[in-house]
S.K.: 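Encoded as structure tokens, here's the structure I'll be asking about.
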Protein chains: 2
Amino acid sequence: MYEQLFSSIRDRVRLADNEAEEIKRFFVPKKIRKRQFLLNAGEVCRYIAFVEKGMLRSFSVDLQGHEQVVSFACEGWWISDLSSFLSGDEAVYNIEALEDSELLLLTTESMEEMLNHIHGMERYFRLLMQNHIVSLQRRLVASLNYSAEDKYRKLLEINPDIISRAPLQHIASYLGVTPETLSRIRKQVSRKP
Amino acid sequence: MYEQLFSSIRDRVRLADNEAEEIKRFFVPKKIRKRQFLLNAGEVCRYIAFVEKGMLRSFSVDLQGHEQVVSFACEGWWISDLSSFLSGDEAVYNIEALEDSELLLLTTESMEEMLNHIHGMERYFRLLMQNHIVSLQRRLVASLNYSAEDKYRKLLEINPDIISRAPLQHIASYLGVTPETLSRIRKQVSRKP
DNA sequence: TTTCGGACTTGATCCAGATCAAGAAAACTC
DNA sequence: GAGTTTTCTTGATCTGGATCAAGTCCGAAA
């Protein structure tokens with residue numbers, strides 16, 4: 001149940017032998033079925049979730065009721081409404097399971113306690129944040145300057161998992177195009193990869 | 001020379017009386033003239049810069065030689081190629097002064113030392129990072145789902161400083177539109193605000 | 001196994017914003 | 001302050017992707 005988590009941590013920091021066991025107790029395992037919501041916009045986001053198995057998406061809903069997919073998370077990724085989690089404000093995003101999933105939840109309090117006890121985790125989360133900023137910035141530049149097809153190809157290259165597992169409509173929203181357009185692009189790309 | 005910096009810090013954390021003086025010594029003041037570069041893509045970004053006065057932009061240049069403005073920084077903002085600064089890799093962004101500017105530079109080593117000495121600064125930088133993530137995410141959603149005019153109006157509302165001080169071509173690039181389009185939008189908006 | 005509803009595809013049309021082109025207005029030279 | 005360069009504006013045209021409108025293809029439920 002904790003394989004993905006420890007592999008994510010050990011990719012970034014060195015753990016003492018006993019620390020791995022210690023770390024486990026800060027997390028609450030949770031199974032969630034396809035289509036269930038982990039978070040509804042308007043609630044306070046009480047935890048960040050690490051995905052051991054399965055896949056989720058976060059999305060906002062605008063005034064006209066259109067959904068905007070903000071992120072996906074497969075095995076080895078974290079997902080949350082960071083702003084709400086860290087500040088305690090109401091969440092603006094919803095989080096929904098796209099497959100039956102197994103999560104490890106970390107509350108604000110557990111996180112704080114863990115950071116105090118296990119020094120390496122401070123570094124782990126700082127590295128995560130940094131990577132997150134870098135990848136958001138890349139996505140932003142891509143969204144402003146690339147064509148729909150180029151954005152699709154880039155996603156296919158960097159995150160083929162998402163392409164193969166998420167439904168087309170959600171990928172379309174994530175890329176900022178309509179499902180019709182993505183369907184055409186997909187045909188195009190499968191013809192001339 | 002340090003007014004903006006301390007106001008930025010005191011907005012987020014409480015400082016002991018003597019700490020303000022202590023903090024100063026970690027920074028290197030630097031004046032930079034309009035059109036000078038603080039960072040060239042390909043170099044390693046050795047510091048993050050706090051803007052006491054003036055204005056800068058960061059931008060990348062793609063394979064066809066087109067510039068893509070990633071961020072602006074006026075008084076009270078930080079600017080850097082975070083990825084390069086934190087990892088020591090080559091910078092992908094350039095940083096250029098758009099006005100004669102006064103900066104406070106913080107190197108990796110100074111930063112580390114400061115974080116060890118003055119505990120509140122750890123929190124300060126964590127809060128900065130968080131805010132940065134939240135605002136990047138907002139910008140991303142806007143860039144994918146808003147019309148050019150809406151993005152312009154949003155920027156005008158949130159950051160009128162940028163609109164009034166940066167040259168049109170750079171604002172256009174920041175918003176992901178052509179200068180021609182932004183010129184027309186501007187006329188439109190000035191007519192019907 | 002049929003049947004129903006959502007998810008995907010395909011085609012026709014439309015439009016926001018790009019591109020191309022040419023002036024007008026600032027902004028740096030000397 | 002005249003001349004040169006750069007930036008901005010305006011107009012005409014073009015195009016990637018949106019929108020609208022049918023289908024078609026599932027998978028789940030009975």
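Proteins come first, then strands; the chains are lettered A, B, ... in the order of their sequence lines, and each starts at number 1.
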S.K.: Of the non-hydrogen atoms in A/S58 and A/I79, which two are nearest, and what is the gap between them?
M.R.: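 So the two residues come closest at N-CD1, 3.8 Å.
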S.K.: Let me know the distance between CD1 of B/I171 and C1' of D/dT7, rounded to the nearest Å.
M.R.: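 Value for this atom pair: 13 Å.
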S.K.: Do you see a donor-acceptor pair shorter than 3.5 Å between the side chains of A/R126 and A/Q130?
M.R.: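 Side-chain D/A pair, A/R126 to A/Q130: present.
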S.K.: So with a 6.0 Å cut-off around CZ of B/R153, is the heavy-atom count from everything else above 12?
M.R.: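 Yes, because the 6.0 Å sphere around CZ of B/R153 holds more than 12 heavy atoms from other groups.
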S.K.: Taking the six-membered ring for Trp, are the ring centroids of B/Y174 and B/F72 within less than 6.0 Å of each other?
M.R.: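 Yes; B/F72 has its ring centre under 6.0 Å from that of B/Y174.
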S.K.: Please report, rounded to the nearest Å, how far the C1' atom of C/dC28 is from the CZ atom of B/R33.
M.R.: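 To the nearest whole Å, that distance equals 13 Å.
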S.K.: Quickly, which of A/R57, A/Q169, A/H170 forms a side chain to side chain donor-acceptor pair (under 3.5 Å) with A/E67? Name it, please.
M.R.: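 Single side chain to side chain donor-acceptor pair (under 3.5 Å) partner of A/E67 among A/R57, A/Q169, A/H170: A/R57.
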S.K.: Would you say the rings of B/F125 and B/W78 are close, in the sense that their centroids are separated by under 6.0 Å?
M.R.: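 They qualify: ring centres under 6.0 Å apart.
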S.K.: Angle between the end axes of the helix from C/dT1-D/dA30 to C/dC30-D/dG1, five pairs per end, to the nearest 10 degrees?
M.R.: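 That helix has its two terminal axes inclined by roughly 50°.
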S.K.: A/Q64 CD to D/dT19 P: how many Å, rounded?
M.R.: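 To the nearest whole Å, that distance equals 11 Å.
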S.K.: Roughly, in whole Å, what's the span from CG in A/L144 to C1' in D/dG17?
M.R.: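 After rounding, the reported distance stands at 16 Å.
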S.K.: Of B/D161, B/N159, B/L56, which is the lone residue that meets side-chain contact (heavy atoms from CB on, under 4.5 Å) with B/W77?
M.R.: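 Of the listed residues B/D161, B/N159, B/L56, the side-chain contact (heavy atoms from CB on, under 4.5 Å) partner of B/W77 is B/N159.
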S.K.: Any chance you could list the contact pattern along nucleotides 9-21 of chain C? Use B for base contacts, S for sugar-phosphate-only contacts and - for none, protein heavy atoms under 4.0 Å, 5' to 3'.
M.R.: SBBB----SSBB-
S.K.: Output the rounded distance in Å from CD (A/Q169) to P (D/dA18).
M.R.: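 To the nearest whole Å, that distance equals 15 Å.
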S.K.: Would you call B/D100 and B/K34 a salt bridge, taking side-chain N to carboxylate O under 4.0 Å as the test?
M.R.: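 B/K34 and B/D100: not salt-bridged.
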S.K.: Would you kindly give the CZ-to-P distance between B/R35 and D/dT5, to the nearest whole Å?
M.R.: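 My rounded result for the distance is 15 Å.
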S.K.: What is the distance, to the nearest angstrom, from the CG atom on B/L98 to the P atom on C/dC28?
M.R.: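 Atom CG in B/L98 sits about 13 Å away from atom P in C/dC28.
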